[in-house]
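Every value quoted in this text rests on a predicted model; they were computed, and no experiment measured them. Side chains included, hydrogens not; waters and symmetry mates left out as well; all remaining heavy atoms used.
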Amino acid sequence: MRTREQIEDALRNVIDPELRKDIVSLGMVRSIEQPEEGRVDVVVSLTTAGCPIRAHFEKAVVESVRALEGVQTVTVAFDVLSPQEKQGLAQRLGRQDGLPEGALAAVKNVICIGSGKGGVGKSTVTANLAAALQSEGLRAAALDADVWGYSLPRMLGVHGRPMVSAERKILPLDAAGGVKAISIEFFLNEQDQAITWRGPMLHKAIRQFLEDVDWGELDYLLIDLPPGTGDVSMTLAQLLPQAKFVIVTTPQPAAQKVAARAAETAKRFDLEIAGVIENMSGFTTPGGERFTIFGEGGGQQLADDLDVPLLGKIPIQEELRVAADEGTPLVLDDPDAPAAQAIYHAARGLIAATPQQLAVFQPPSGPPVPAVTGTALPMAP
């Protein structure tokens, strides 16, 4: 028979994708029994009874323990941490407002889309990339984390006030092409209302978007970051386990150098950069003449400097802007347009660069999650 220590070492390969730690360190392994030779029975305590990735935990436990020599059979049972155990775990993790309730547990890939500066078309890329992924048969959602400069509702053609589920979770709205969407606009009294919040309110809103929304099972959650490398970007980087970054830049050196700072923020928090997308890469006239209005090669240079792929080069096309203003992403309105084809190319590159399974086996990394305070968002009954 294997020793308890050997079995626990094997179980350290099983990672809670939201808390970023293994189930042994989290105290989620309730018991380990060996009723007979070659058989191991494990009881795992979940943070919530309706954990959406229960089956993934079961598979991970079985595969990890069965890899031990002499183990032929592994059975897995589940219970739920008591309120006192949850409180103790939250304190150990430095989470003053409690543990996440599984909102992101069934999201396979969280992709932060940043630029370092404004005006490079990051939101347009996010909206169209989400719609392109959905068109490729994947379940995609877009989170508008640019609280001051929110624009995804207009670009995805979706407005309104979200409803709340029986479990008191915010239900995202269905946008163009079936993309699920959440934005601060959905909680305001007026469309295009100005936001004048300071840091704590922003942090609380972002945290609610991540933890209090019923995202369900998703292949991709795309997060449209605000410009720069300030508080919101750092909070997202710390709160999002196993997230990846996509950097959007224009070809000009000024934008490329600033975008490199966004990449530096991702690396500082041990977050992988999935690739670079170059927007506004050139304009081609109806007669076929091409003008490099914003320069040439900045996206490739940034990708080379970061040693990541250049996922796509999106040309300047008036129809891309018009479609965004009208609330129908160009990839849906005219998928054969040059800009739409470039975005589809980027979407397929992103698919190739990201796992299609939940990251319950990935080792945790990054600094501890900070405590965040603020006021809850208003929600429809």
Heavy-atom side-chain contact between M28 and D16 under 4.5 Å: yes
If two hydrophobic side chains count as joined below 4.5 Å and joins carry through other members, does L143 share a cluster with M155? no
Distance-minimising heavy-atom pair for G312 and H345: CA-CD2, 4.3 Å
Heavy atoms of L350 and A274 approach each other most closely as CD1-CB, 4.0 Å
Closest heavy-atom pair, A141 versus V179, reported as atoms and distance to 0.1 Å, is CA-CG1, 4.0 Å
Within the side chain of K244, is there an N or O that forms a donor-acceptor pair under 3.5 Å with the backbone of N109? no
In sequence, state the C-alpha distance, the side-chain angles, and the governing distance for V65 and V76, and then conclude on side chain to side chain contact (heavy atoms under 4.5 Å, CB included). CA-CA 11 Å; V65 178; V76 186; over 6 Å; no
Evaluate the side-chain proximity of D333 to V322: yes if any heavy-atom separation is below 4.5 Å, no if none is. no
Is any side-chain heavy atom of L26 closer than 4.5 Å to a side-chain heavy atom of L93? yes
Any chance you could lay out the side chain to side chain contact (heavy atoms under 4.5 Å, CB included) test for L332 and S135, step after step, and finish with the verdict? CA-CA 8 Å; L332 303 179; S135 296; 3.3 Å; yes
Do any N or O atoms from the side chain of Y344 and from the backbone of A132 form a donor-acceptor pair under 3.5 angstrom? no
Taking the side chain from R39 and the backbone from Q34, do they hold a donor-acceptor pair closer than 3.5 Å? no
Exercise: identify the closest heavy-atom pair between P17 and F57: CD-CZ, 4.2 Å
Linking I/L/V/M/F/W/Y whenever their side-chain heavy atoms sit closer than 4.5 Å, directly or via other members, would F294 and L302 fall into one cluster? no
Checking K108 side chain against L221 main chain: does a donor-acceptor pair fall under 3.5 Å? no
So, taking the atom named CG in L306 and the one named CD in Q301, what distance separates them when rounded to the nearest 0.5 Å? 10.0 Å
Any chance you could lay out the side chain to side chain contact (heavy atoms under 4.5 Å, CB included) test for D336 and Q341, step after step, and finish with the verdict? CA-CA 6 Å; D336 292 327; Q341 283 295 301; 4.2 Å; yes
So, does D144 use its side chain to make a donor-acceptor pair with the main chain of L152 at under 3.5 Å? yes
For atom CZ of R290, decide whether the heavy atoms of other residues, nucleotides or ligands shown that lie under 6.0 angstrom number more than 12. yes
Is it true that a side-chain atom of Q72 and a backbone atom of G70 form a donor plus acceptor pair closer than 3.5 Å? yes
Return yes if some donor-acceptor pair links the side-chain N/O of D212 with the main-chain N/O of I170 below 3.5 Å, else return no. no
Distance, nearest 0.5 Å, that separates CD1 of I53 from CG of L46: 8.5 Å
With heavy-atom distances below 4.5 Å as the criterion, would you say the side chains of I7 and V71 are in contact? no
Between V40 and I32, is there a side-chain heavy-atom distance shorter than 4.5 Å? yes
Nearest 0.5 Å, please: how far is CG in L320 from CG in N279? 7.0 Å
With rounding to the nearest 0.5 angstrom, report the OG to CG distance, S25 to L11. 11.0 Å
Walk me through whether F209 and F187 qualify under side chain to side chain contact (heavy atoms under 4.5 Å, CB included). CA-CA 11 Å; F209 288 163; F187 304 93; 3.6 Å; yes
Heavy-atom side-chain proximity of D304 to Q300 below 4.5 angstrom: yes
Evaluate the side-chain proximity of Y220 to Q134: yes if any heavy-atom separation is below 4.5 Å, no if none is. no
Exceeds 12 heavy-atom contacts within 6.0 angstrom, atom CD of E319: yes
For V80, run the side-chain contact (heavy atoms from CB on, under 4.5 Å) check against R30, K86, E85 and tell me which one passes. K86
Given T124, V248, I343, the one that forms side-chain contact (heavy atoms from CB on, under 4.5 Å) with I314: I343
Expected output: side-chain E185 to main-chain H159 donor-acceptor under 3.5 Å: no
Counting neighbours of CD on E36 that are heavy atoms of other residues, nucleotides or ligands and sit closer than 6.0 Å, is the number greater than 12? yes
Please walk me through it: do D224 and S123 pass side-chain hydrogen bond (donor to acceptor under 3.5 Å, both in side chains)? CA-CA 6 Å; D224 184 17; S123 297; 2.5 Å; yes
Min side-chain heavy-atom separation I15-D22 under 4.5 Å: yes
Approximate separation, where rounding is to 0.5 Å, of I182 CD1 and L210 CG: 11.0 Å
Between A130 and L222, the two heavy atoms sitting closest are N-CD1, 3.4 Å
Side-chain heavy atoms nearer than 4.5 Å, only ILVMFWY residues, links allowed to pass through others: does that put V120 and I316 together? no
Note: A340 and D334 closest approach over all heavy atoms is CB-O, 3.4 Å
So how far is it from L104 CG to E18 CD, rounded to the nearest 0.5 Å? 5.0 Å
Given 3.5 Å as the limit, does a donor-acceptor pair link the side chain of D41 with the main chain of E33, or not? no
In one Ile/Leu/Val/Met/Phe/Trp/Tyr side-chain cluster, 4.5 Å: I277, M280: no
So does R2 pair up with E8, basic N to acidic O under 4.0 Å? no
Look at the side-chain heavy atoms of Ile, Leu, Val, Met, Phe, Trp and Tyr, link any pair under 4.5 Å apart, and say whether F78 and I23 land in one connected group. yes
